[in-house]
Amino acid sequence: GGAEVEGGVGSSSSTTGPQRSVEGWIVFVTGVHEEAQEDDILDAFSEYGPVKNLHLNLDRRTGFCKGYALVEYENYTEAQDAINALHGTELLGNTVNVDWAFVKPAGAGSNSSHDGRHRRRS
């Protein structure tokens, strides 16, 4: 019998799945309350692992949060736990959405317009 590799740790052959940045795994948080501070985000997200980096985008003119934040973890599992636990939960009274930062809107289906139109029979 052939030995099966459990979990696939160390194999980076997968092309799907989240992008690993040079430093770590970045989680994208939207729906953040405009008065949220970095500490508020840190408190919520550091429960799932040490946060390596936090970027809370503030509006320069008003000083308020623009509604999203980037949270970086060192380990995939920590980031995944945070996504699973915090997506759809309330932070400062706002429901936040938590997902992988690499997911780009409208990027996935850009090439699908050609599919299925001229399907040749083999």
Side-chain angles (χ1 to χ4, degrees):
E4 284 204 12
V5 179
E6 282 291 317
V9 177
S11 79
S12 56
S13 57
S14 174
T15 52
T16 55
Q19 299 259 215
R20 190 182 197 288
S21 75
V22 178
E23 293 89 18
W25 300 91
I26 299 177
V27 171
F28 189 51
V29 191
T30 55
V32 180
H33 194 284
E34 65 171 14
E35 293 182 28
Q37 305 292 316
E38 290 197 351
D39 286 350
D40 298 319
I41 308 290
L42 270 176
D43 285 349
F45 283 83
S46 58
E47 285 183 40
Y48 305 95
V51 173
K52 284 198 67 188
N53 213 335
L54 171 64
H55 181 72
L56 186 63
N57 206 35
L58 300 180
D59 188 305
R60 283 199 206 106
R61 192 171 52 80
T62 63
F64 285 129
C65 178
K66 283 188 175 176
Y68 65 90
L70 293 164
V71 181
E72 187 180 302
Y73 290 95
E74 195 156 358
N75 297 318
Y76 171 85
T77 50
E78 294 165 353
Q80 184 68 70
D81 285 349
I83 290 171
N84 292 343
L86 295 172
H87 180 72
T89 61
E90 275 199 10
L91 183 66
L92 302 176
N94 277 20
T95 301
V96 294
N97 298 307
V98 186
D99 206 344
W100 293 109
F102 77 97
V103 178
K104 295 189 183 73
S110 57
N111 296 330
S112 60
S113 57
H114 304 298
D115 292 350
R117 267 187 202 164
H118 310 289
R119 192 171 284 173
R120 294 201 182 108
R121 290 205 174 100
S122 49

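Everything numeric in this text was worked out from a predicted model, so none of it was measured.
Taking the side chain to side chain contact (heavy atoms under 4.5 Å, CB included) definition, one finds that Q37 meets it with D40, sequence neighbours left out. Applying the side chain to side chain contact (heavy atoms under 4.5 Å, CB included) test to D81 and every residue at least two apart in sequence or in another chain returns Y48. Listed by chain and residue number, V27, Q80, V98, W100 satisfy the side chain to side chain contact (heavy atoms under 4.5 Å, CB included) test with I83 (two or more places apart in sequence, or in another chain). Judged as a side chain to side chain contact (heavy atoms under 4.5 Å, CB included), and not counting sequence neighbours, the contacts of N57 are H55, K66, Y68.
Across all non-hydrogen atoms, the minimal contact from C65 to A36 is CB-O, 4.3 Å. For P50 against E78, the heavy-atom pair with the smallest separation is CD-OE2, 3.7 Å. L70 approaches A101 most closely through the heavy-atom pair CD2-CB, 4.0 Å. Minimum heavy-atom separation, F45 to A82: CD2-CB, 4.0 Å.
Looking only at side-chain heavy atoms (C-beta outward), L92 and V32 stay at 4.5 Å or farther from each other. V96 is not listed as a side-chain neighbour of E90, based on a closest heavy-atom distance of 4.5 Å or more.
Of the residues listed (L86, T89, T30), the one engaging N97 in a side-chain contact (heavy atoms from CB on, under 4.5 Å) is T30, and it is the only one.
With values rounded to the nearest 0.5 angstrom, L91 atom CG is found 9.5 Å from H33 atom NE2. Separation of atoms CD1 (I41) and CG (L56) is listed at 5.5 Å; rounding is to 0.5 Å.
Listed for the N75 side chain is no donor-acceptor partner under 3.5 Å among the backbone atoms of T77.
Ring centroid separation for the pair W25 and Y76 comes in under the 6.0 Å cut-off.
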*For L58 and F64, run side chain to side chain contact (heavy atoms under 4.5 Å, CB included): C-alpha distance rounded to whole Å, both residues' side-chain angles, the deciding distance at 0.1 Å, then the answer.*
CA-CA 5 Å; L58 300 180; F64 285 129; over 6 Å; no
